Q: 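One structure, as structure tokens, below. Some questions next.
As the structure is a computational prediction, the values presented were derived from the model and not from experiment. In each ligand, atom 1 is the first atom listed, and ligand 1 is the first ligand listed.
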Amino acid sequence: MTDLTNTTAWKALKSHFPEIRKQSIRSLFNNDPNRGSKYRVQDVGIYFDYSKHRITEETLGLLFNLARERGLPEKIEAMFTGVKINTTENRAVLHTALRAPQGSVVMVDGVNVVPEVHAVLNKMAGFAMQIRKGEWLGYTGKPVRNVVNIGIGGSDLGPVMAYEALKFYAHRSLTFRFVSNIDGNDFAEAVNGLDPEETLFIVSSKTFTTLETMTNGRTARKWLLDKLVHEEAVARHFVAVSTNAKEVGAFGIDTRNMFGFWDWVGGRYSMDSAIGLSTMIAIGPENFHEMLAGFHAMDEHFRSTPLARNIPVIMGLLGVWYINFFGAQTQAVLPYENYLKRFPAYLQQLAMESNGKHVTLDGKTTEYATGAVYWGEPGTNGQHSFYQLIHQGTLLIPCDFIGFKNPLNVLPLHQDYLMANMIAQGEALAFGKTPEEVRNEGVPDSLVPHKVFEGDRPSSTFFLEKLTPANLGKLVAMNEQAVYTQGVIWGVNPFDQMGVELGKVLAMKIIPELENKQAPLQHDSSTNALISFYRG
Ligand code: G6Q
């Protein structure tokens, strides 16, 4: 494939960029008063406003050309049809099959995987209902009331985010906790106040070999048996979510209580697989299926909508525009919905583990920037902390605002105040306040520069009706597909994560050096000194 920077569209974008850089968002709106309705897509229940971006029709046309030149339409089809696009691991990438409706066909190595997906969903539903109805009894005959998910990375961030996001729909007499960190404080706090007789652990690990999860799993087992004594208790208090039946059995979990998934589901793309078991127990199978339907609706939109009306494609291309031409390095995610407080952290893994690569699929070092740093906090909280830098700092930070027309908890005043703030932030970032406007407010000359807002800070706004399971599914799928779009443009593999390996390997070497204070140290002088300090 032609190197990205040698494509016709890239070169055209490069010569187009200086034109755009000198135009303010104010002037773009003055030149085209209909921008607010022109640069907007309303589809799959999402109002996506991208008018406050530093783009013209020409910019968009060139970005769509770039997408075509990089083969995006064909690559979308390749993903959906099970082509092994994760070439470094020789795997298909089929998280979209996890939400394919019953009766559809997705072939992997000659097998239709949809019936398998639904068989696991049915098994999860049966189990979830037993817990929700108080029918799943612990070893001493008490119903399980506490569910603790043990997992890390993709086996934690999705479940935590979804639980927080959909708490409004959760079974309120059940308690949900999540343990991920190898730091024992995480485990200690997660089980604090829980009665082992009423506690179920879901050990969630695709590989079932991850150090953190296995260590926490063993600690959980000991915590349980310290009270319940008998080994047979484990079967009533532990279930597993994994692709590795052998290791699950070796851990002592009855493989009948194992919920499976497949190697074509990447960790960070797995919250809608059995990894979502805690989510299903919390919100119930019906709501879980609604969430899957939301994912699927967005998948269909991504697969079949022309590029110019395709929400994830436009999002992905806007990211490329800012990262590669404006030199932006970060992307802020700002949900004006407190239940989405873990959404930025979830997207952080999704985007950064996927596109944080400097080597292309054919093994060449890129001559251009790739994945942005994703970060954010819910509004309005962020307005009272880091928004200052977005408004008046020196970095260009594209922002994604996410809001819902209808609140889940209806309290007088709150919703209008919340939405007014979200809409105002986009307006302030884009249009700012000129020195003239500041002076006209009677501000003394010495303070004018401090009170000026330059504007030209781009943002997208995503408006939905209400935070429902289906809408959460749409928002997640939308971001998954935007990340894929960018991976295709940059020519990297968004589905491996080899950059997480080295640190793990070195930690395994250092563990025995911490345990045996006499072990000789052969690291660099800094590492040796740190180990010596720890050994005390
Ligand atoms: C995600 C990554 C990674 C993974 C964790 C946990 O895409 O692969 O975050 O999810 O390392 O792995 P296990 O599920 O195998 O324990």
Side-chain angles (χ1 to χ4, degrees), residues 79 85-96 98 120 148-162 178-183 186-187 201-221 238-251 253 258-279 342 344-357 371 374 476-477 479-484 486-487 492-508:
M79 177 172 73
I85 56 172
N86 177 356
T87 49
T88 51
E89 297 177 320
N90 192 30
R91 286 179 185 163
V93 175
L94 275 173
H95 42 276
T96 52
L98 297 170
V120 174
V148 182
N149 186 73
I150 301 179
I152 195 164
S155 300
D156 168 72
L157 286 159
V160 175
M161 183 278 287
F178 299 85
V179 186
S180 55
N181 206 322
I182 192 105
D183 181 341
D186 199 18
F187 181 84
F201 291 97
I202 304 175
V203 187
S204 296
S205 176
K206 182 173 167 180
T207 54
F208 231 75
T209 55
T210 305
L211 177 73
E212 291 88 339
T213 303
M214 293 303 107
T215 307
N216 280 319
R218 279 189 287 270
T219 301
R221 207 184 138 99
F238 277 79
V239 297
V241 178
S242 187
T243 55
N244 190 344
K246 194 166 152 253
E247 288 297 327
V248 169
F251 183 90
I253 295 177
M258 167 178 156
F259 300 84
F261 58 119
W262 306 270
D263 76 348
W264 40 263
V265 183
R268 56 194 172 276
Y269 296 88
S270 68
M271 61 165 276
D272 47 347
S273 72
I275 289 291
L277 182 60
S278 57
T279 315
R342 295 294 293 168
Y346 173 79
L347 290 189
Q348 196 164 66
Q349 182 195 24
L350 178 67
M352 293 169 73
E353 211 168 45
S354 295
N355 286 334
K357 318 270 161 81
Y374 273 61
V476 173
N479 280 281
E480 288 175 346
Q481 312 302 15
V483 163
Y484 181 53
Q486 296 187 335
V492 298
N493 179 2
F495 304 111
D496 65 10
Q497 56 282 319
M498 304 204 180
V500 302
E501 289 311 320
L502 179 60
K504 288 192 207 171
V505 171
L506 295 181
M508 294 314 287

Q: Between Lys504 and ligand 1, does any nitrogen or oxygen pair lie at a separation below 3.5 Å?
A: no
Q: What residue and heavy atom of the protein are closest to atom 2 (C) of ligand 1, and at what distance?
A: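 Looking at atom 2 (C) of ligand 1, the protein heavy atom closest to it is Glu353 OE1, 3.3 Å.
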Q: Closer than 4.0 Å to some heavy atom of Ser205 - which atoms of ligand 1 meet that?
A: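 Those qualifying, in numeric order: 13 (P), 14 (O), 15 (O), 16 (O).
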Q: Between the main-chain N or O of Gly487 and the side-chain N or O of Lys357, is there a donor-acceptor pair closer than 3.5 Å?
A: no
Q: Measure the distance from atom 8 (O) of ligand 1 to every protein heavy atom, then report the residue, atom name and distance (to 0.1 Å) of the closest one.
A: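 For this ligand atom, the closest protein heavy atom is Gln497 CD, 3.5 Å.
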Q: Take every heavy atom of Glu212, measure it against each atom of ligand 1, and state whether any distance is under 4.0 Å.
A: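 No heavy atom of Glu212 comes that close to ligand 1.
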Q: Please verify the inter-ring angle class for Phe251 with Phe208; under 30° counts as parallel, over 60° as perpendicular, anything in between as tilted.
A: perpendicular
Q: Where the closest heavy atom to atom 16 (O) of ligand 1 is concerned, which of Val203, Thr210, Thr209 has it?
A: Thr210
Q: Quick one: which ligand 1 atoms are inside 4.0 Å of a heavy atom on Ser155?
A: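 Counting from 1, the qualifying ligand atoms are 10 (O), 13 (P), 14 (O).
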Q: Regarding ligand 1, does Gly154 bring an N or O atom to under 3.5 Å of one of the ligand's N or O atoms?
A: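 Among all N and O atoms of Gly154, at least one is under 3.5 Å from an N or O of ligand 1.
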Q: For Arg91, look at atom CZ and say whether over 12 heavy atoms of other residues, nucleotides or ligands are found less than 6.0 Å away.
A: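 It does: Arg91 CZ has more than 12 such atoms within range.
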Q: For the backbone of Ile182 and the side chain of Glu212, can you confirm whether one donor and one acceptor N or O come within less than 3.5 Å of each other?
A: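 Answer holds: no.
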Q: Please determine whether side-chain contact (heavy atoms from CB on, under 4.5 Å) holds for the pair Arg268 and Gln497, giving the CA-CA distance in whole Å, both sets of side-chain angles, and the decisive distance to 0.1 Å.
A: CA-CA 10 Å; Arg268 56 194 172 276; Gln497 56 282 319; 2.5 Å; yes
Q: Show the nearest heavy-atom pair for residues Leu98 and Tyr269, with the distance to one decimal.
A: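 It is CD1-O, 3.9 Å.
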Q: Flag atom 11 (O) of ligand 1 as yes if some protein heavy-atom distance to it falls below 4.0 Å, otherwise no.
A: no
Q: Kindly compute the distance separating CG (Asp156) from CD (Gln349), expressed to the nearest 0.5 Å.
A: 9.0 Å
Q: Look at atom 9 (O) of ligand 1 and say which protein heavy atom is nearest, naming residue and atom and giving the distance to 0.1 Å.
A: Gln349 NE2, 2.7 Å
Q: Which residue owns the protein heavy atom closest to atom 15 (O) of ligand 1, what's the atom, and how far is it?
A: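 Nearest neighbour among protein heavy atoms for atom 15 (O) of ligand 1, to 0.1 Å: Thr207 OG1, 2.6 Å.
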Q: To which protein heavy atom is atom 6 (C) of ligand 1 closest, and what is the distance rounded to 0.1 Å?
A: Ile152 O, 3.2 Å
Q: Taking all non-hydrogen atoms of both residues into account, name the closest pair between Lys206 and Ser242 and its distance.
A: O-OG, 3.1 Å
